[in-house]
Amino acid sequence: MAKIIYITGGARSGKSSLAESLAENFGSPLCYLATGEPRDQEMTERIAIHRQRRGSHWQTVEEPLLISRALASADGRYQAILVDCITLWITNLLFHYDAVEPVLDDVTALAESFSILKTPLILVSNEVGMGIVPENALARSFRDLAGRANQILAAAADDVYVTFSGIPLKLK
Amino acid sequence: MAKIIYITGGARSGKSSLAESLAENFGSPLCYLATGEPRDQEMTERIAIHRQRRGSHWQTVEEPLLISRALASADGRYQAILVDCITLWITNLLFHYDAVEPVLDDVTALAESFSILKTPLILVSNEVGMGIVPENALARSFRDLAGRANQILAAAADDVYVTFSGIPLKLK
Amino acid sequence: MAKIIYITGGARSGKSSLAESLAENFGSPLCYLATGEPRDQEMTERIAIHRQRRGSHWQTVEEPLLISRALASADGRYQAILVDCITLWITNLLFHYDAVEPVLDDVTALAESFSILKTPLILVSNEVGMGIVPENALARSFRDLAGRANQILAAAADDVYVTFSGIPLKLK
């Protein structure tokens, strides 16, 4: 059974750098499964910076919704697969389904697929629940959903890290 | 002297599950002291889900303001008492008093009462200070108050945990 | 080479108390380098409370922008120097330059100056990236900047702490 690593943390807290460095330990080639779609200038630039930071031994696959299918297709063809990030994937699913329950079903299906993977998997997520309760009901609902998804996936992972100011802390 | 356990963490980070599981370790019957009043549909549903998750060996007491009195009344009659949650209690007190200082007085009185309890006590709170500074002065003032209350109560507790993605981390 | 200690955490999570207590361990006299300018009533009061809490063996220097110059000037004249706080300093720099890159240059210059200091240095910062993504682009940009600054400075520090509910956790 392949190792599953879950990384959570705040914005710009070093999650992606940690994930890339843990992936590099598994060897080469590596698969970067990007869930973010470049919808605006801000995001296009950030995606380009991330891609530049990774070397040519990384192959990038873009998949905003069907993560489990993309994983099944990449499985066994790389030394490790990095999914960056779960929170954007959930955002995409929430827009797609316009309901919480089918998003949680997809998250649960992803967690259940961990046990059949042959390739080590590293997932990057975001901690979004440690600020003031958002005034807007959609933001509250998203915050709850992101927290539940983190719980489901972290429970199914072998190793879990949280990062602060670029320093990782191993939780499990 | 009974054990006092303080649990903080973000929204949907597994605080209540951890609290319930720690309480179950003390035996049965157990007292669930709920500070939340079902003001709207969203909250009514959440309270019902939480109550369903706990078994019949839990007795629920609802007390939005007079926690110390409710604790004194429950003390010695259960194997453990769980207060869920401190942040809602503080919100209720702030609406009630419309001032910060009397809220902090009640928090301090609660912390001072820990030493006379005969029944183990588990308190659930929220971390609300790790986001961007709120633009609205009331939210900033609430955030400060919640942080100060967490410091006062955690200092008086025997064990303190913070949860991330459902994984507890013991701080003390 | 003098010891560099970096402390991050949420609002009212006990960062300043921890920083002051770690500084006191180095002896006396001590330098408090305040980056906050008392712009309104709320801040004036908070600054006065902090100053009152520290004793007369602390000398306060106020410097909103030129931290590296203030450090060079204080270096060697105290048993320890405490900078409180980095997040306000970055806010001041962002208003001053009205651009992100020169702020990061100043942060990097500060990190590079650590190795030449003769006096132990304790820096207090804030974790602002663990809430919901802010709707406003300026807040998002500030959040990213604060996170990158935390990474740069924590990487260059010897010891790094994060505080929750007044309880410090040593990360490094």
Side-chain angles (χ1 to χ4, degrees), chain A residues 4-13 15 85-87 90 100-101 103-104 107-108 111 123-165 168-172, chain B residues 7-18 20-21 36 39-43 45-46 49-50 53 85-88 90-92 94-95 124-147 150 161-171:
Chain A
I4 312 294
I5 303 174
Y6 201 72
I7 301 173
T8 186
R12 309 299 298 213
S13 64
K15 306 179 300 293
C85 74
I86 291 297
T87 316
I90 285 166
V100 163
E101 287 312 318
V103 180
L104 286 172
V107 169
T108 304
L123 303 117
V124 172
S125 190
N126 279 264
E127 178 55 51
V128 298
M130 296 186 115
I132 277 288
V133 178
E135 283 175 51
N136 141 2
L138 183 64
R140 276 202 304 282
S141 156
F142 172 73
R143 190 173 80 139
D144 279 3
L145 176 58
R148 291 171 74 183
N150 277 344
Q151 287 192 47
I152 293 166
L153 296 167
D158 300 299
D159 295 352
V160 180
Y161 294 87
V162 57
T163 54
F164 302 97
S165 298
L169 178 71
K170 196 162 193 265
L171 293 172
K172 168 177 157 178
Chain B
I7 302 172
T8 188
R12 309 300 296 214
S13 64
K15 306 179 301 291
S16 296
S17 301
L18 172 65
E20 289 167 25
S21 135
R39 286 183 199 173
D40 56 25
Q41 183 64 11
E42 188 180 337
M43 214 159 152
E45 286 172 16
R46 181 170 298 191
I49 290 167
H50 279 219
R53 182 170 63 182
C85 73
I86 292 298
T87 316
L88 264 177
I90 286 166
T91 307
N92 297 337
L94 192 59
F95 274 104
V124 172
S125 190
N126 279 264
E127 178 55 52
V128 298
M130 296 185 115
I132 277 287
V133 178
E135 283 175 51
N136 145 356
L138 183 64
R140 276 203 304 281
S141 156
F142 173 72
R143 189 172 81 138
D144 279 4
L145 176 58
N150 277 344
Y161 294 87
V162 58
T163 53
F164 302 97
S165 297
I167 318 282
L169 177 72
K170 196 161 194 267
L171 294 172

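Residue numbers start from 1 in every chain, and the chains themselves are labelled A, B, ... in the order their sequence lines are given, proteins ahead of strands.
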A.B. asks: Could you state the interatomic distance from CZ (Arg143(A)) to CZ (Arg12(B)), rounded to the nearest 0.5 Å?
C.D. replies: 10.0 Å

A.B. asks: Look only at the side chain of Glu127(B) and the backbone of Gly131(A), and say whether a donor-acceptor pair between them is shorter than 3.5 Å.
C.D. replies: no

A.B. asks: State, yes or no, whether a side-chain contact exists between Thr87(B) and Val133(A) at a heavy-atom distance under 4.5 Å.
C.D. replies: no

A.B. asks: Would you compute the distance between atom OH of Tyr6(A) and atom CD1 of Ile167(B) and round it to the nearest 0.5 angstrom?
C.D. replies: 10.0 Å

A.B. asks: Are Phe164(B) and Phe164(A) an aromatic pair, judged by ring center distance below 6.0 Å?
C.D. replies: yes

A.B. asks: Which of these, Thr8(A), Val162(A), Leu153(A), Leu171(A), sits in a side-chain contact (heavy atoms from CB on, under 4.5 Å) with Ser165(B)?
C.D. replies: Thr8(A)

A.B. asks: Closest heavy-atom contact between Ala139(B) and Ile132(A)?
C.D. replies: O-CD1, 3.8 Å

A.B. asks: What part of Asn136(B) lies closer than 4.5 angstrom to a heavy atom of chain A: side chain, backbone, both or neither?
C.D. replies: side chain

A.B. asks: Is it the backbone or the side chain of Leu169(A) that comes under 4.5 Å from a heavy atom of chain B, or both, or neither?
C.D. replies: side chain

